[in-house]
Amino acid sequence: MKTPFSDFDYEAARADFSFSVPEFFNFGFDVVDRRAQEKDKLALIAIDRSGEHIRHYNYSDLERESNRFANALLNLGVRKGDSVLVVLPRIPEWYFVLLACTKIGAIAMPGTNQLKAKDLEYRINRSKASVVVVGPSHTQAIESIESNCSSLAHKILVGENCSGWLHFESMCTSQAPHIERQNLTPTRSDETMLIYFTSGTTSLPKMVERDHAYALAHSITGRYWQDLRESDVHWTLTDTGWAKAAWGLLYPPLMAGSTIVLYDGEGFDLAIHLDIIRKHEVTTFCAPPTIYRVMAKADLSEADFSSLRHCFGAGEPLNPEAMRAWKIATGCDIYDGYGQTETINIVANFPGMPIRPGSMGKPCPGLHVDVIDDEGRVMPPHEVGHIAVKITDPYPPGLFRGYYGDPQTTAQSFRHGWYYTGDTAKRDEDGYIWFVGRSDDIISSSSYRISPFEVESTLIEHPAVAEAAVVGKPDELRGQIVKAFVILAKGYTPSEALAIELQNFVKEQTAPYKYPREIEFRDSLPKTISGKIRRVELRAEG
């Protein structure tokens, strides 16, 4: 059995919480370099796709190599406030680039490796980026659109030499491994450090600016939800292009002084993942619920999870069945957490606090999060409302201040003294928050308000279901009916009998009015490049 967490006094943590933001802050210098100089240790375990070739990097390596690239950028004329698009796989150079940009005040814009030419063109032109840093898989895409990008001045390629491109490794080798901070313009905590582009489920991606204080605010993420320590070997499964990477690969673990596993794999290979946990003695592990569900359905009887002490998940709600199966296999609970590109972790199940399976947990210390109505009034327990963050003084840690160049969307999100996340939930009598769905995903059927997630969670507990998406379909009698799109598990074939079996299963497992009156079997589901289901497309199909 795992050693239990010490008692966590949630109310005391909220009451005693304090968070101060200095006028000037720079994560590269003030966190990474300081640790390298005061207490150097292993920072990265970089593993290639086979799982066999491994490179180790200390905090001092991060300091040195980020300094080299920072000097290279300065020699190109890149200065504070310039935008740099970064599209790299899970390789150490991603750290060197982001930390270098942070040090000189350039604005890094991480992008997922799934971006296509039109996506890259949109991001470059929208941000007026002057530099792109990519791997070999994106050279052709950049070359195909660079004539349409007037701001683009420098193309930097990591990993290979290519005509017309600056070679990252050669650039860095020729630069000094130190940098004179006093010669740089200081970075204020409220100045832009990063820009993320949201995944855009219903519109073109929005630009979310994150200031330098955002990195510092992630101390809340790491301290309360992730429970990261200097002794930890931490592994988060995420693409480097998403804010989840800032949560799990960058700010909290480096602030804690942890060692980070960086596996550059494609897809999900269960054997390799299990071997990495065993071989590198991973202690803290974070995966999206999709992966937990896949692993929970596999035979894990021979796997070695003895090193794990704390597991957590985010990105989408986690269904109780996956949590139960994971606990049986590993001895670890999964601590669900919630946040957005626009926030840090704002709601979570905290180690040492009782978990209520299916709940996102309670608001993080330092943040006032509640369930409210359209007018900003707090909803009573068990009533569906909007998840929102109260705008307080001082300003909520890690909360963005608006979408870049989009005052209309900003005004829709900030109203009545709250930031509306666009998600809905219920709160119980003890303050636990239960996710319901995106605001525009809620199904209204015969006066019942139904969460797609609740139905999806029930469906995927059936052994025949590999994946499910649920939407409301217009109905003359009921207003809407519940319709499910189902991808079957291996070994099952679509049939009317199976559809009826799934309908009855939902009726038995949850409130009967939630069952899907229509089930459509599919081979795939429409998703954003971040892997989120585009229910808007499914609704349009009827």
Side-chain angles (χ1 to χ4, degrees), residues 10-11 13-15 17-21 189-190 194 196 198-199 206-226 243-244 246-247 251-252 314-317 336-350 359-381 383-404 406-428 431-440:
Y10 175 74
E11 296 302 333
R14 289 187 66 82
F17 179 84
S18 64
F19 180 75
S20 60
V21 179
S189 294
D190 59 2
L194 290 175
Y196 278 105
T198 62
S199 54
K206 300 184 291 289
M207 293 173 67
V208 179
E209 292 182 282
R210 308 311 342 244
D211 58 23
H212 287 269
Y214 166 73
L216 188 61
H218 267 302
S219 59
I220 296 171
T221 305
R223 176 183 177 187
Y224 296 107
W225 174 49
Q226 297 175 336
K244 182 69 179 301
W247 293 36
Y251 302 120
E316 59 182 279
D336 202 6
Y338 169 81
Q340 299 180 310
T341 305
E342 294 87 344
T343 71
I344 56 170
N345 174 227
I346 60 174
V347 178
N349 292 275
F350 305 107
S359 168
M360 301 190 302
K362 293 185 177 184
C364 290
L367 292 150
H368 184 159
V369 183
D370 218 323
V371 179
I372 65 174
D373 67 12
D374 292 338
E375 305 304 319
R377 295 178 294 244
V378 175
M379 300 292 289
E383 293 290 327
V384 176
H386 304 279
I387 304 172
V389 181
K390 191 172 183 61
I391 307 304
T392 54
D393 184 16
Y395 197 74
L399 178 64
F400 84 133
R401 294 177 183 267
Y403 296 103
Y404 177 82
D406 194 345
Q408 182 177 355
T409 304
T410 298
Q412 292 171 353
S413 299
F414 289 86
R415 59 188 195 274
H416 308 305
W418 297 84
Y419 162 63
Y420 283 70
T421 64
D423 291 323
T424 59
K426 296 180 288 188
R427 180 189 4 86
D428 65 21
Y432 283 82
I433 296 174
W434 304 73
F435 185 84
V436 172
R438 290 295 295 174
S439 297
D440 55 0

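Counting from 1, the numbers follow the sequence of the chain as shown.
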Taking the side chain as every heavy atom from C-beta outward, state whether [X] and [Y] have any atom pair closer than 4.5 Å.
X	Y	value
Thr221	Pro252	yes
Asp428	Ile433	no
Cys364	Ile344	no
Ile387	Thr424	no
Ser219	Phe19	yes
Pro381	Lys426	no

Interatomic distance, [X] atom [atom1] to [Y] atom [atom2] [nearest 0.5 angstrom]:
X	Y	atom1	atom2	result
Thr198	Lys206	OG1	NZ	4.0 Å
Leu367	Ile346	CG	CD1	7.0 Å
Asp190	His212	CG	NE2	9.5 Å
Tyr10	Lys362	OH	NZ	6.0 Å
Tyr214	Thr343	OH	OG1	7.5 Å
Thr341	Leu194	OG1	CG	11.0 Å

No-hydrogen, no-angle side-chain donor-acceptor test under 3.5 Å, [X] and [Y]:
X	Y	answer
Tyr403	Gln412	no
Asp373	His386	no
Trp247	Asn345	no
Tyr338	Thr421	yes

Using every non-hydrogen atom in the two residues, find where [X] and [Y] come nearest and quote the distance to one decimal.
X	Y	value
Ser359	Asn349	O-ND2, 3.0 Å
Ala314	Lys244	O-NZ, 3.8 Å
Ala348	Trp225	CB-CD1, 3.5 Å
Pro365	Ala13	CB-O, 3.9 Å
Val384	Val371	C-CG1, 4.4 Å
Ala217	Gly398	CB-N, 3.4 Å

Are the side chain of Arg210 and the backbone N or O of Ala243 linked by a donor-acceptor pair below 3.5 Å?
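Here the side-chain-to-backbone pair does not exist.
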Keeping the roles fixed (side chain from Asp336, backbone from Met360), state whether a donor-acceptor pair exists under 3.5 Å.
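No; judged by distance alone, with no hydrogens or angles, the pair does not exist.
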Identify, with sequence neighbours excluded, every residue that meets ring-ring contact (aromatic ring centres under 6.0 Å, His included) alongside Tyr432.
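Expected list: none.
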For [X] and [Y], take the angle between the two ring planes, folded into 0 to 90°, and tell me which bin it lands in: parallel under 30, tilted 30 to 60, perpendicular over 60.
X	Y	result
Phe17	Tyr224	tilted
His416	Tyr420	perpendicular
Tyr251	His218	parallel
Trp418	His368	perpendicular

Counting only heavy atoms not in Tyr404, do more than 12 fall under 6.0 Å of its OH?
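No.
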Electrostatic pair Arg427:Asp370 at N-O distance under 4.0 angstrom:
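Looking at Asp370 together with Arg427, the answer is yes, because their closest N to O distance falls below 4.0 Å.
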Can you confirm whether or not the ring centre of Tyr395 sits under 6.0 Å from the ring centre of Tyr419?
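Ring centres of Tyr419 and Tyr395 not closer than 6.0 Å.
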